[in-house]
Amino acid sequence: MTRRMHIIVIILFCATSAGSQAQAETWRQVITAQDIQRAGLVRLSDLYLLVDTWDAVSLDGFTWQAAPLGLTPGSSVPVILIDGQPVLGDPLAGLTLNALPLSVSDIDSVEIFTAPVLVNGCFSDAGLLHIHTRSAPPGVSLQGRYTVGQETGDPGPYRYTEFASANVDRIGADQSYGLSYGSDRFDIRGGFLRQDHYLSDPAMLARCSTINFNQNPKMEMRSQFAAASLHTTSWENRLLFGSTNFSRFLFHPPDGREIPTDDDLLILGLSGDVALTPTSSFQYTLQGQRRELDERANSAGLNFDWRQDIYRGHVEYRRRVGAVDAGIGLNLIRTETQSPYLPGDEVFDQADVYTTAAIPLSDRGNLQAALRAKSVDDETGFDALLRSGWQLTGRQRLTLGLAYAQILPPEQADIWTWRAWGYTFDGLYASAAGIQNPVNRLERLTAGLAWDMALRPDLKVEAGLTWRSMRGLTIVDQAAYPDPSLQALTTEAGLIPDVAGQSINLTGAVTWQSLPSLQHSWFAGVSSAVSGDDPFQDAFRAEPATRLSYTVRFSPPVTVSAWGKVTYLSAREWTAYDGIGDQTGEAYSSDIEDALLVDLALTNAFWQRRICASLIFRNLLNEESRCHPLGAAFDLTYFIQLDFTFDSLWQP
Amino acid sequence: MIRLQIHRFHALLQACLITAVLFLLPGRTAAQIEPFSRLTLSASTVVNVHRGEFYDYWRSGPGAFLELSTPFYLGAIKIGVNFMPYEGREDELLDFTSGYSYLGWGLERDIWGDFRGTAGLLAGSFRFNFDDAESEKYRQSEAELCAGLSAGLKWQFLQSWSVDGRADYLRIFTAKPIDLLYLSIGCSRSFNTPDWLLELLR
C-alpha cells in the first residue's frame, strides 16, 4: 500500500495548560476535582458523564469502552495516561477506566482530548485521557471515600406473586482510603481501592450465573496505588506504582458471552522533568507493565492463561530557539506475550522518533506541528499532526487542524488479530474458522475546525466540525444465535479487511454563567458516516447519531452544591445482531431505543469541608437505558457517598 | 387498573393540593433561622391510608416514625426513620415490617397564629424485612429507593413544643411500583444545637 503525504493545517490541542481552570473546549476538556465532587462521580468511568464529545458503551455497567464521537467505541482505543505515564491496553481485555489502580478521589484534574494529540511521547488520534493525581498537601494527610448504591427494580414483596421479577442488587460498596505526606522537596502518597459490582440485570444474570456457579455473580476489583515525587525548582522525579486484581466477567467476542477471569494489572514507572537551562528541558520515562489473565472458577474450566509484559523507555528534549519551542523525542517499547495457547513467546519491539514545534506566526496566530516515525516489529509508518490557532478578535478564536495516522497491525492487535496469529484459545466455541491474517495497516485522516467566542463575560459559544477518513479498517462480521444450554449466544465470526469510510461530526456548545453560583451548559452533537463501504456504515449505526445535553451547576458560597444533567441520545442499531430478536423471542434486540437520561447530584460539606456527603441519582426518569444488545439496562440508580479529607493532620 | 390509577393520582393530587394551598394562602414564610442552629426531634404514630392495588395484597398496621430536622440555608432538612408492619392477605404473601429511612427537605409557612404549614420532598431507602425464615438470609430483606412529597400542619402550643400532623405520599421504585399515603400525628420538641454538633455540621 503506498503512502501519501498530506501537508495540511492541523489542530492539535496539546497539554500546555494542565493547570488551567475547569473548562470545556470543543476538542479539549479539563475536568477538575471540584467538577468531580459536584457531579457526584462514583467511579472513574463516570468521567464519561461529563464528556459530551465522547461515546461510551458498556455491557455490564462497570467495564466501558469509549471513543470520541465519529469513532465507534471498541474499533479504536484511546490512550490513557496517569501523571504522564501511559497505561497500555491489552489485546484480549482492553483497558477500562475502572480497572485503573486509582480512585476518583485521587484525581486532581483530567484532560480529555478529542482531537489528535501528542502528549509525553504518546500519540493518539482516537482520544486521550490524561489523569493528573492530587499532590500531597503539606504534612500527613488522610482521605477516604465510601459509596453504596442501588439500582431500582427489585420485586419487593411481590416476589411470590404474578408480578415477580429478578432481584436487582446493590452497587458496591466501593471504598477507597489514602495516606500521604508532603513537604517542600518531596511527597509520597499511597492508597487502596475496593469496588464491587453485581451482575443482576436479566440480560446478563443467567449466562453469568450458570458459568460461575453463583446465583449472584459479582465482579470485584481490588487495587493499590503509590506515588512519590522528589522535586526542586529545576527538576522533578516521580515514581508510580499501581496494582489491580480484577475478578471479572470478561466478554469474549468470539463466544458472544462473558468468561469468568482474574485480570491482574501491575504498573511500575519512573519519570522526570529536568530543566537544563532557562530555555531547554529534558523529560524521561521508564516503565514496566504486566497484565495477566488467569482462571476464575467457571463451569467450563476456561482459562485465557495469558500474560503480557510491556517495557517502555521514553526521552524527550525541548528547547526554545528564538520564538520557536521545539522538541525531539524517542520511544522504545518491548512487548512480550506468553501463553500456552500461542505457538511460542511473542515479542514485539517498537521504536519511534518524533519531533514537535510550536511557532508563533504573528501576535494573533500560532502553528504547532508534530511528526512521528515509527517501527513496530518489521513494519514502519509515521504519524503527523498540524495545528494553527488564530485569535480572530479579542473574544473570538479559530483553530484549524489536520492529523494523519498509520496504525500498524501490531498496534491494532485485538482478540481477532491474535487468533489469526495463532492464539488458539477457543473459549466455548471454536469460532475462529476461516480467519486468515486480516489486519492490515489502518490509515486515518482527521481534519477539524473549532471556533469559540465569548459573547459576553458570562456567555460563551463554541462550535466544532471534525471529518475523518479511514481505510484499512478490519470490521468483525459476527452473527449471533441463541444457545439455550448455556443461556448464551453462539457466534459465527469472520473478519472483513480493508474497509474504508468517512465520518463527520458536528458539535456546538453554549455556556452561560447566569449567576456567580449558577452555570448552564448546552451541547448538541451530530455524527454520521457520510460515505464508505457497507460494513463501515453498518458499524457506525452502533453510535447515537444525535446527542443533546443540558447541564446545570449550582455552587453557592455555602456548603451545599448541586449538579444536574439531562442527556438525549438518539437510537442506535447493532447490525451484527440483526435477527437476534426473532431468534431469542425478543429477549435481546439489535435496536437500542433513544433515551432521555436525567442525572442529579446533591452534595453538602460538613466540618469545614472535611466531610462531604452526596446523594446521587442516575437515570432519574428510569428510562430503558441500554448500550449494547447483549448488555444490561441501567435503571434508576441512587448512591450515597461519603468523602472525608483530613489535610495536614500533622506537620513536622 | 383504572382503580389503581385513580388511587395513585388521588393520593398525589392530595399531596400536591395541600402543598399548593399551604403556600398560596396569605401568610409568610417562617423567618429563616441560622442553618443548623436548632434541632427538632419529632415522634409520631403513622398509618397508611392508600387504597391502591398494593392494598389488595397487603394491609398495614399502625407504625411509628422518628425524625430530626434542622434549619438549612433555605428551609429545613430532616432525616427520619419509619417502621410499619404489613400483613399479607393470603397465605402465600409474605408478611413484612418496613423500615423507611429518609432524607428530606421542606419549607415552613406561618398560617394563622401558632399554626404553621409545612411542605417538602423526601427520598430514602425503603427496607422490606420479610417474615421468611425458610429462605436464605440474603433473601430475607430487600431495600429499594423511595421518594415522595410531604405536607403537614404544626401547632406550636409552647415555645419548644408542637403537635404535628402530616401526610406523606411515597412511591417505592420496585419493579411494580408501590404507592403509599402515610398520615401521622405526633409531637416535636426543639432545642438549640450543641456546640460540638454545630461545628461538625458547618
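The sequence lines fix the lettering, A, B, ..., with proteins before strands; numbering per chain opens at 1. Just so we're clear, the structure is a prediction, and the values are computed from it rather than from any experiment.
For Ala175(B) against Gly153(A), the heavy-atom pair with the smallest separation is CB-O, 3.4 Å. Residue Ala123(B) comes nearest to Phe617(A) through the heavy atom pair CB-CZ, 4.3 Å, listed as atom of the first residue, atom of the second, then distance. Here the closest heavy-atom approach between residue Leu636(A) and residue Phe173(B) is recorded as CD2-CD2, 3.8 Å.
Side-chain contact between Phe163(A) and Glu53(B) is present, with at least one heavy-atom pair separated by less than 4.5 Å. Looking at heavy atoms from C-beta onward, Glu144(B) lies in side-chain contact with Thr152(A) at the 4.5 angstrom threshold. In this structure, Trp607(A) and Leu201(B) have side chains that are not in contact, with every pair of non-hydrogen atoms separated by 4.5 Å or more.
Rounding to the nearest 0.5 Å gives a distance of 9.5 Å between OG1 of Thr637(A) and CG of Leu145(B). Rounding to the nearest 0.5 Å places OH of Tyr158(A) at 6.0 Å from CZ of Phe54(B). With values rounded to the nearest 0.5 angstrom, Arg159(A) atom CZ is found 10.0 Å from Phe128(B) atom CZ. With rounding to the nearest 0.5 Å, the separation of CD in Glu162(A) from NZ in Lys176(B) is 8.0 Å.
Heavy-atom distances place the side chain of Phe130(B), and not its backbone, under 4.5 Å from chain A. Heavy atoms of Glu142(B) lying under 4.5 Å from chain A belong exclusively to its side chain. Only the backbone of Ala605(A) comes within less than 4.5 Å of a heavy atom of chain B; no side-chain atom from C-beta onward does. For a residue to count as touching a neighbouring chain, one of its non-hydrogen atoms must lie under 4.5 Å from one of that chain's; by this rule Leu198(B) does not touch chain A. Of the atoms belonging to Ile178(B), it is side-chain heavy atoms, and not backbone ones, that fall under 4.5 Å from chain A. Proximity to chain A (any heavy atom under 4.5 Å) is shown, for Ala143(B), by both the backbone and the side chain. Of the atoms belonging to Ile77(B), not a single heavy atom falls under 4.5 Å from chain A. With a 4.5 angstrom heavy-atom cutoff, Leu615(A) touches chain B only via side-chain atoms.
Other residues, nucleotides and ligands contribute more than 12 heavy atoms inside 6.0 Å of the CH2 atom of Trp105(B). A 6.0 Å sphere centred on CD of Glu220(A) holds more than 12 heavy atoms belonging to other residues, nucleotides or ligands. Within a 6.0 Å sphere centred on CD of Glu92(B), other residues, nucleotides and ligands contribute more than 12 heavy atoms. With a 6.0 Å radius and a threshold of 12 heavy atoms from other residues, nucleotides or ligands, Gln651(A) has its CD atom above the threshold.
When each of Asn604(A), Asp635(A), Thr161(A) is scored by its heavy-atom pairs under 4.5 Å with chain B, the top score falls to Asn604(A). Between chain A and the options Tyr57(B), Phe36(B), Phe96(B), the largest number of non-hydrogen pairs under 4.5 Å is found for Tyr57(B).
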